[in-house]
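Proteins come first, then strands; the chains are lettered A, B, ... in the order of their sequence lines, and each starts at number 1. The figures that follow rest on heavy atoms only: side chains count, while hydrogens, waters and symmetry mates do not.
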Number of protein chains: 2
Amino acid sequence: MSEAGIERRSGVALWRQIADQIRQGVGAGLSDESGRLPTELALAERFGVNRHTVRTAIQALVQEGVLRAEQGRGTFIERQPRLSYPIGPRTRFSEGLGGQARELRGNLLDHAYEEAPEAVAEALEIAPGAPVLRLDTMAEADGRPISRARSYFDAQRFRGFERHFARTGSITMAYRHFGVSDYLRRSTTISARHADSADLEILKLSPGAIVLVALGLNVDQAGRPLQFSETRFSADRVELQVGNTT
Amino acid sequence: MSEAGIERRSGVALWRQIADQIRQGVGAGLSDESGRLPTELALAERFGVNRHTVRTAIQALVQEGVLRAEQGRGTFIERQPRLSYPIGPRTRFSEGLGGQARELRGNLLDHAYEEAPEAVAEALEIAPGAPVLRLDTMAEADGRPISRARSYFDAQRFRGFERHFARTGSITMAYRHFGVSDYLRRSTTISARHADSADLEILKLSPGAIVLVALGLNVDQAGRPLQFSETRFSADRVELQVGNTT
DNA sequence: TCTAGTTGTCTAGAACAATAGACAAATCTG
DNA sequence: CAGATTTGTCTATTGTTCTAGACAACTAGA
């Protein structure tokens, strides 16, 4: 389904196009079993560019942690398969990735009490401008940044939520302190875009990287909105799974 | 959550980054009610670049049909909001976009009877190497390419499927000829990546564009696998909707 | 009609990307 | 060890992108 097509004068540097293709090819059969990439010269011929251009692409991928170059030996793939993140009525971060990573951690980056922007107020079914708690978080699996999120809560109902989250690192746990023993994911809207500069910094991505953007609304058992959030996943590290697996 | 962040020396030309941001901003509140973009000079200051760089970006978007520039008046948005594509147990292309576009069409690009690749065989629960029908299709809404898909069917059960699809332009209709009156989407796996050259050509995208990739498995009422497919959506034109809207 | 504000066009130079060639340094094989 | 293969570093040149400034062409409002 893919092809080694390189466009000149397209506004995207050749080395970046090649880097993107190699990054993709790492999943498919670009390398042999040993995880060894073709030589720089072979890649240069294949893409129809100079060896130095290929080198620039490889250096960028080494920087990203996708490849590892060894002088005299060759260039090798640093295997790190995508985590599969399930999305459904019972979407929960910590349980979702269970078993796929050894260490999962949610970190609180920032929080503030603010007036609800229009879209937030509508989703939470409160008045525009009503006070909301904004929570900026990020999550790591085995030390690799996986996602960052901005969540909004009704401030009247959840004042002090951030302290409970910071202590436990879990949204589910923090809810308990407010009498919410269970909740459901009512809807999720998924799109994708290029990472912005904050994404690059927080998720440790390189320019041009892609993020999956999931807008989600959680509701309590009575169907009342609890939390409206935008989560950004590094598209290189995560895929989203809708429905059961099998 | 987004920011006017422009990365220099990133391998992506400034004009292209700016074009991407403007294309995105067209959905959000980059323009006032009248659909008029800020002036070239204002945009140049906002992004911290020269006016000519902004002009290059705008020209690319005019070419794409996203903007329209009028000398002496300003630059205006050619409104085309993202289509929202619902994903759930009853995912069907034609119904999913109902109401959001006037004209929907599915086109058959190519088909062939082949031996099942490993991943396909596993998904369809048939023997590796067993004969399968591969169907390459693309879909347009109001003349704009929306998605392309590669689907696999068990050749023993669905021989001749491609003729019924080509005639009706509908998977659902084609199933009827094989006694399948209803089917369910068992699972969908969503990821995102840069468009490859075939994507660029078929979906009429510009280099560096993003595609949402959905791997889906349809099953019949008895739970037997019917169809395994990979669909690629232009991320600029489509978002995926999981769960109900309200 | 005049003026202010906007997009369109041109020229020239600076910064960056890509090519080309040569050779060093490390690794593996025989 | 000798030779072949591969990645690493350096220099020089060419082509593309970005900046800078000036002015033309068009529009809208006073």
Side-chain angles (χ1 to χ4, degrees), chain A residues 4-22 30-32 34-78 206-208, chain B residues 4-22 30-64 66-78 206-208:
Chain A
I6 295 289
E7 323 273 333
R8 283 168 195 263
R9 341 172 72 262
S10 69
V12 183
L14 298 184
W15 66 263
R16 174 146 289 287
Q17 297 184 55
I18 291 168
D20 291 339
Q21 291 213 14
I22 292 178
L30 183 61
S31 70
D32 52 10
S34 67
R36 187 164 177 274
L37 221 61
T39 68
E40 295 175 348
L41 212 58
L43 287 170
E45 280 178 21
R46 175 160 171 178
F47 288 115
V49 300
N50 192 276
R51 180 183 153 225
H52 293 291
T53 308
V54 169
R55 281 184 57 75
T56 309
I58 288 176
Q59 280 157 20
L61 293 174
V62 168
Q63 196 67 22
E64 271 184 54
V66 175
L67 299 180
R68 166 177 41 88
E70 295 182 23
Q71 186 171 114
R73 296 194 63 211
T75 306
F76 301 85
I77 291 165
E78 210 81 85
S206 57
Chain B
I6 294 290
E7 320 277 333
R8 285 171 192 262
R9 353 178 64 264
S10 70
V12 183
L14 296 183
W15 66 263
R16 174 149 289 285
Q17 298 183 53
I18 291 169
D20 290 340
Q21 291 214 12
I22 292 178
L30 183 62
S31 70
D32 53 9
E33 284 307 304
S34 68
R36 187 166 177 274
L37 220 60
T39 68
E40 295 175 347
L41 211 57
L43 287 170
E45 281 179 19
R46 175 160 170 177
F47 288 115
V49 301
N50 192 274
R51 182 185 151 224
H52 293 292
T53 308
V54 169
R55 281 184 58 73
T56 309
I58 288 176
Q59 279 158 17
L61 293 174
V62 168
Q63 197 67 21
E64 274 183 53
V66 176
L67 299 179
R68 165 178 41 87
E70 295 183 24
Q71 185 170 132
R73 297 194 62 210
T75 306
F76 301 85
I77 290 165
E78 213 81 88
S206 50

Worksheet item: Rounded to the nearest Å, what distance is computed from the CD atom of residue Glu70(A) to the C1' atom of nucleotide dA26(C)?
Response: 10 Å
Item to complete: Specify the residue among Gly74(A) and His52(A) whose closest nucleotide of DNA chain D lies further upstream toward the 5′ end.
Response: Gly74(A)
Worksheet item: How many angstroms lie between CZ in Arg36(A) and OG1 in Thr75(A), if you round to the nearest 0.5 Å?
Response: 8.0 Å
Worksheet entry | Distance-minimising heavy-atom pair for Arg55(A) and Glu40(A) | NH1-OE2, 2.8 Å
Worksheet item: Between the two ends of the helix from dT1(C)-dA30(D) to dG30(C)-dC1(D), what is the bend in degrees, rounded to 10 degrees, where each end axis spans five pairs?
Response: 30°
Item to complete: Work out which heavy atom in Ile18(A) is nearest to a heavy atom in Ala57(A); give both atom names and the distance.
Response: CG2-CB, 3.8 Å
Worksheet entry | Spacing of Leu37(B) atom CG relative to dT6(C) atom C1', expressed in whole Å | 13 Å
Worksheet item: Below 4.5 Å, heavy atoms only, C-beta onward: do Ile77(A) and Val66(A) meet side chain to side chain?
Response: no
Worksheet item: Expressed in angstrom and rounded to an integer, what is the separation of Gln17(B) atom CD from dC16(C) atom P?
Response: 14 Å
Discussion item. Could you tell me how far apart Trp15(B) (CH2) and dA15(C) (C1') are, to the nearest whole angstrom?
Written reply: 18 Å
Worksheet item: To the side chain of Gln71(A), which of dT7(C), dA25(C), dT19(C) is closest?
Response: dA25(C)
Item to complete: Take atom CZ of Arg68(A) and atom P of dT27(C), then tell me their distance rounded to the nearest Å.
Response: 13 Å
Discussion item. Between P on dA20(C) and CG on Leu14(A), what's the gap in Å once rounded to a whole number?
Written reply: 12 Å
Worksheet item: Does Arg73(A) put a side-chain nitrogen or oxygen below 4.0 Å from OP1 or OP2 of dC28(C)?
Response: yes
Fill in: Covered region of DNA chain D, 5' end to 3' end, by chain B [heavy atoms, under 4.0 Å]
dT17(D) to dA28(D)
Worksheet, complete the sentence: When rounded to whole Å, the CZ to C1' distance for the pair Arg51(B) and dG5(C) reads 11 Å
Worksheet item: Any side-chain N or O of Asn50(A) under 4.0 Å from OP1/OP2 of dA20(C)?
Response: yes
Item to complete: Using whole Å, report how far CZ of Arg55(B) lies from P of dC10(C).
Response: 11 Å
Item to complete: Give Thr75(B) one of three labels, base, sugar-phosphate or nothing, depending on what nucleic acid heavy atoms sit under 4.0 Å from its own.
Response: sugar-phosphate
